[in-house]
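For reference, the structure is listed below as structure tokens.
Below, chains carry the letters A, B, ... as their sequence lines are ordered, and counting in each starts from 1. As a basis for the values below, the full set of heavy atoms in this structure was taken, side chains included, without hydrogen atoms, waters or symmetry mates.
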Amino acid sequence: MSKKQKTFRPKARVPKGLQDERATDVVQQRQMLDAIRHVFDLYGFEALQTSALEYADALGKFLPDADRPNEGVFSFQDDDDQWLSLRYDLTAPLARFVAQNYDALPKPFRRYQEGPVWRNEKPGPGRFRQFTQFDADTVGAAGMTADAEMCSLMSDIMENLGIAREDYEVRVNNRKILDGVLETIGLDLSDEAGQGQRLTVLRAIDKLDRLGIEGVTLLLGKGRKDESGDFTKGAELSEDQIAGVVAFLEVKGTSRSAICDALAPVVGDSQTGLEGVAELREIDELLTAVGYGDDRVVFDPGIVRGLEYYTGPVWEIELTFETTNEEGQQVRFGSVGSGGRYDGLVERFKGVKVPATGCSIGVSRLFAALRALGRLDDTEGYGPVVVLVMDRDDIKSYQAMVQELRAAGIRSEMYLGESGMRAQVKYADKRRAPLVVIQGEDERAAGEVTLKDMVLGTEMSKTIDDNKEWREEQPAQISVSRSDLVSGVQSILGRYNLGSGK
RNA sequence: GCCGCCUUAGCUCAGUUGGUUAGAGCGCUAGAUUGUGGAUCUAGAGGUCCCCUGUUCAAUUCAGGGAGGCGGUACCA
């Protein structure tokens, strides 16, 4: 074994669970965010950006401890030894912001915010350590009108993105009903053991989608062993108690009001439970009054969402269609957004109860879904017009062309590399340039420029397989007088709805 | 965290019953084409065969340990 002296070369790779995005994705995603923002804006929410870093104690329960400072969140210590964390959602920073600026803010305070958040956990398919959320929240409004508005808001966003009414559903439940059911089956929520049991039950219910009623039943009782042989401990409920929860989960109805009717007996005389049902009834009435029927917003006892802070209504936007992925498997996108009422979050800072409700859109997953639906505009992926450099001694004339094109608002560039013509056309192809401007000796002598339509050329190449023919025909090229450069380019761009590049 | 599978070229993967020059397809670069992206043909570049230790005359191949990836599961604000 001979040891060669080698210079250190870092391996170029993106950190695990993170990703780079190329132009097409960036532009298409921006377009999608604009469509979402439009609806938030229309509803009257105001824009807010908060810092990506927060003091760890402001983020709440995920305080870094000495052994594992990065469990769940990414954290580090500042110069003054205080712990800083990258935000893991946009709600906790909102609570901090509201508490900090409470007196100056209009109340209710309604804001939307979009941006990356980070979670330090194992990445999986469709799960990353950095992802984008787009949230809207109303802080300081206790009534169900704010909650009902969240439901119609989410529905409007889906439809503004071009998702058909039968392809999505806003599903609503109420935490108070869940607690009412637990109370009715005799779970004691006053001590710590009872609270632990409550969380286990909620977690079990949350898995209804994936495991079905049988799986959930196991998790409510002794526990469940999965295919990999791992055992999950259950909530240790009695047979009767399990039956009570199952009865609740099996509540169905043909309309929101019918579901409310069916839910009432399940919560018995639990005060909390009855309150929850009454809240759902109110949401139903408010939504019905403005025309949001059961085809858009439904009530679903299986919805649980986050365990810690929701205190009332909770909801989820579910995509209900299926597609096939690259591997040919059936895929459901499932939940692309969620939210609910959290009346306790600001209280952590202020000591006073500040009611709040909101929703959060999972941008990456929604983006993947829109791609699967073919709802993304792929003309957005086109590159600039490329002016080839045929004669290096005459760079100035090519600069002048680009200058004219840009002055006319056309996205364009002069080739800045060192290679020959063939490589330049290949470059333009790779950039997805819609067209190429060519002026060599011949054109200059004639006072013309050649415009090569790259999109049409690609199309024509499909029916030409002889290279001689391909080259001699010079497919999809026209010559125009040098003085008609701009109008000639505009007319070709017009074929692909690229307008003047605006 | 737990269970299982995997790791050879930029990508997808073959292969070496342990032996000297480790392969394919795709991609990339260039030529055929004196001024043209596709197709075709030709050539070229590109590898610590994941890492460490051990066994051996010899390890990409065998053994042990580690790391990374994938899938499931748990947690998930």
Using only atom types and a distance under 3.5 Å, with no angle test, would you say the side chain of A:Arg171 pairs donor to acceptor with the backbone of A:Gly302?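 Looks like no, no N/O pair under 3.5 Å.
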
Looking at A:Ala58, is its backbone amide N or carbonyl O close enough to the side chain of A:Arg348 to form a donor-acceptor pair, meaning the two atoms are under 3.5 Å apart?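 Answer holds: yes.
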
[N] phosphate, OP1 or OP2: any side-chain N/O from [X] under 4.0 angstrom?
X: A:Lys233; N: B:rC2; result: no
X: A:Arg203; N: B:rA74; result: no
X: A:Arg432; N: B:rG37; result: no

If I pick the [atom1] atom on [M] and the same atom on [N], what distance separates them, to the nearest angstrom?
N: B:rC28; M: B:rA22; atom1: P; result: 26 Å
N: B:rC11; M: B:rC70; atom1: P; result: 14 Å
N: B:rU29; M: B:rG18; atom1: C1'; result: 37 Å
N: B:rG4; M: B:rU40; atom1: P; result: 47 Å
N: B:rG66; M: B:rC6; atom1: C1'; result: 16 Å
N: B:rU56; M: B:rC13; atom1: C1'; result: 30 Å
N: B:rA45; M: B:rA59; atom1: P; result: 28 Å

Taking the side chain of [X] as its heavy atoms from C-beta onward, which of [options] lies nearest to it?
X: A:Lys122; options: B:rG35, B:rA77, B:rG72; value: B:rG72
X: A:Arg127; options: B:rU29, B:rG37, B:rC75; value: B:rC75
X: A:Met390; options: B:rU73, B:rU36, B:rG35; value: B:rG35
X: A:Lys452; options: B:rU36, B:rA74, B:rC76; value: B:rU36
X: A:Arg210; options: B:rA74, B:rC28, B:rA77; value: B:rA74
X: A:Trp470; options: B:rA77, B:rG37, B:rC76; value: B:rG37
X: A:Arg422; options: B:rC76, B:rG37, B:rG38; value: B:rG37
X: A:Ser461; options: B:rG69, B:rU36, B:rG38; value: B:rG38

Across all strands shown, which nucleotide pairs with [N] by Watson-Crick or G-U wobble geometry, both distances under 3.5 Å?
N: B:rG68; answer: B:rC6
N: B:rG19; answer: B:rC57
N: B:rA74; answer: none
N: B:rA32; answer: B:rU40
N: B:rA45; answer: none
N: B:rU12; answer: B:rA24

With the threshold set at 4.0 Å, does a side-chain nitrogen-carboxylate oxygen contact exist between A:Arg431 and A:Glu413?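 So A:Arg431 pairs with A:Glu413 through a salt bridge.
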
Is the shortest side-chain N to carboxylate O distance from A:Asp429 to A:Lys452 below 4.0 Å?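 So A:Asp429 does not pair with A:Lys452 through a salt bridge.
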
In residues 352-368 of chain A, what donor-acceptor pairs under 3.5 Å come from side-chain atoms, sequence neighbours left out?
residue, atom, partner, partner atom, Å
A:Thr357, OG1, A:Asp147, OD2, 2.9
A:Thr357, OG1, A:Gly340, O, 3.4
A:Ser360, OG, A:Asp135, OD1, 2.8
A:Arg365, NH1, A:Phe333, O, 3.4
A:Arg365, NH1, A:Ser335, O, 2.8

Ring-on-base stacking between A:Tyr88 and B:rA77, under 5.5 Å between centres and under 30° between planes: is it there?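 Yes, A:Tyr88 stacks on the base of B:rA77, since the ring centres sit under 5.5 Å apart and the planes are within 30°.
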
By the 4.0 Å heavy-atom rule, please label [X] as base, sugar-phosphate, or nothing.
X: A:Glu443; value: base
X: A:Leu388; value: nothing
X: A:Gln477; value: base
X: A:Thr232; value: sugar-phosphate
X: A:Asp89; value: sugar-phosphate
X: A:Lys462; value: nothing

Under the side-chain hydrogen bond (donor to acceptor under 3.5 Å, both in side chains) test, residues paired with A:Asp453 that sit two or more places apart: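 In terms of side-chain hydrogen bond (donor to acceptor under 3.5 Å, both in side chains), with neighbours along the sequence ignored, A:Asp453 is linked to A:Arg495, A:Tyr496.
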
Pick the nucleotide of RNA chain B nearest each of A:Asp466 and A:Gly17; which residue has the one closer to the 5' end?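 With A:Asp466 and A:Gly17 compared, the 5'-side residue is A:Asp466.
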
In whole Å, I'd like the distance from the CE atom of A:Met460 to the P atom of B:rA39.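 In whole Å, B:rA39 P and A:Met460 CE are 16 Å from each other.
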
For A:Lys426 and B:rG31, give me the distance from atom NZ to atom P, rounded to whole Å.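 One finds 9 Å between P of B:rG31 and NZ of A:Lys426, rounded.
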
Give the C-alpha distance, both sets of side-chain angles, the deciding distance and a yes or no for side-chain contact (heavy atoms from CB on, under 4.5 Å) between A:Phe74 and A:Arg129. CA-CA 10 Å; A:Phe74 293 97; A:Arg129 297 202 296 173; 3.9 Å; yes

Going by number, which of residues 357-365 of chain A have a non-hydrogen atom under 4.0 Å from RNA chain B?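 Nothing qualifies; none.
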
Checking side chain to side chain contact (heavy atoms under 4.5 Å, CB included) between A:Ile283 and each of A:Glu149, A:Met144, A:Met150, which is the one that passes?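 That would be A:Met144.
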
If the plane angle is over 60° it's perpendicular, under 30° parallel, otherwise tilted; pick one for A:Phe40 and A:Phe134.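 It falls in the perpendicular class, over 60°.
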
Between the base of B:rG38 and the side chain of A:Asn467, is there a donor and acceptor pair under 3.5 angstrom?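 Check passes, donor-acceptor contact within cut-off.
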
Intermediate values then yes/no, side-chain contact (heavy atoms from CB on, under 4.5 Å), A:Leu485 and A:Leu405: CA-CA 8 Å; A:Leu485 170 67; A:Leu405 291 171; 4.2 Å; yes

